[in-house]
Amino acid sequence: MTAVTATGQVTGRYGGPIGRLAAFAIDSFVVVALFGLIASVVGFTVGLVTGIDVNTSDTGSGWWLAASFLWAFLYYWVSTAITGRTIGKWLVGLRIVERDGQPLRGRGAFVRVVTFPLSFLVFGLGLVGIVIGRERQAWHD
């Protein structure tokens with residue numbers, strides 16, 4: 001858990017693999033659940049107002065896939081840029097900060113979210129630093 005004091009100093013310790021995995025699992029659940037809820041409400045509202053039947057169960061559609069990726073990106077980016085944590089990180093007690101202990105803001109959060117998939121793409125090698133690194137950093141950190 002990391003906290004930033006009024007002087008900008010970081011207290012606490014680096015987030016380990018178990019806490020980060022738990023936060024990721026919680027965030028994955030939140031992203032999927034909120035996307036499903038929002039898609040259902042929007043589909044119902046569009047059907048009610050326009051009479052057009054919006055099929056929210058057609059998950060094979062490219063539009064739904066693109067919308068779900070956009071939603072996940074926005075969830076991680078906005079929550080990280082505003083508070084330095086997602087709901088999962090908040091529940092586990094983690095916060096993302098800059099090296100100097102200052103809060104992570106918009107541009108840094110954007111780069112982190114864009115590069116996050118790279119940690120998975122090469123057989124998960126980008127995540128090895130979380131387990132064996134002294135500073136517990138993955139490639140996207």
Side-chain angles (χ1 to χ4, degrees), residues 1-6 8-141:
M1 182 163 68
T2 304
V4 180
T5 63
Q9 296 176 339
V10 179
T11 62
R13 59 187 191 283
Y14 297 111
I18 302 300
R20 289 175 69 154
L21 180 61
F24 179 73
I26 293 167
D27 287 329
S28 297
F29 175 79
V30 169
V31 165
V32 170
L34 286 178
F35 180 75
L37 179 66
I38 291 169
S40 296
V41 169
V42 168
F44 176 76
T45 305
V46 167
L48 189 64
V49 172
T50 66
I52 298 172
D53 183 31
V54 178
N55 186 4
T56 58
S57 64
D58 182 20
T59 57
S61 172
W63 287 104
W64 287 116
L65 184 62
S68 65
F69 280 121
L70 177 63
W71 168 251
F73 172 80
L74 289 174
Y75 169 80
Y76 283 103
W77 180 39
V78 171
S79 61
T80 302
I82 292 174
T83 64
R85 56 176 56 175
T86 58
I87 292 171
K89 283 183 176 45
W90 173 70
L91 288 172
V92 174
L94 299 173
R95 181 181 303 269
I96 304 166
V97 295
E98 296 283 350
R99 279 196 172 276
D100 63 358
Q102 295 301 314
L104 184 68
R105 292 295 174 213
R107 186 175 182 189
F110 179 83
V111 170
R112 180 182 169 84
V113 172
V114 168
T115 58
F116 182 67
L118 297 176
S119 294
F120 290 97
L121 287 179
V122 188
F123 306 109
L125 289 177
L127 302 172
V128 172
I130 296 171
V131 179
I132 63 172
R134 185 175 61 87
E135 292 184 353
R136 305 278 190 224
Q137 289 189 328
W139 287 351
H140 62 276
D141 292 330

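Only this structure's heavy atoms are used, side chains among them; waters, hydrogens and symmetry mates stay out.
Atom CG of Leu74 is separated from atom CZ of Phe35 by 11.5 Å, given to the nearest 0.5 angstrom. To the nearest 0.5 Å, the span separating CH2 on Trp77 from CG on Leu70 amounts to 10.5 Å. For the atom pair OG1 (Thr45) and CD1 (Ile38), the distance works out to 11.5 Å, reported to the nearest 0.5 Å. In this structure, OH in Tyr75 is found 3.5 Å from CG in Asp27, a value given to the nearest 0.5 Å.
Between Gly106 and Ala81 the shortest heavy-atom distance is CA-CB, 3.8 Å. Between Ser79 and Thr86 the shortest heavy-atom distance is OG-CG2, 3.3 Å. The two residues Val31 and Ala72 make their nearest non-hydrogen contact at CG1-CB, 3.8 Å.
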Derivation and outcome, side chain to side chain contact (heavy atoms under 4.5 Å, CB included), residues Phe110 and Thr80: CA-CA 9 Å; Phe110 179 83; Thr80 302; over 6 Å; no
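In this structure, the side chain of Arg105 engages the main chain of Ile82 through a donor-acceptor pair within 3.5 Å. For the pair Arg95 (side chain) and Thr83 (backbone), a donor-acceptor distance under 3.5 Å is present.
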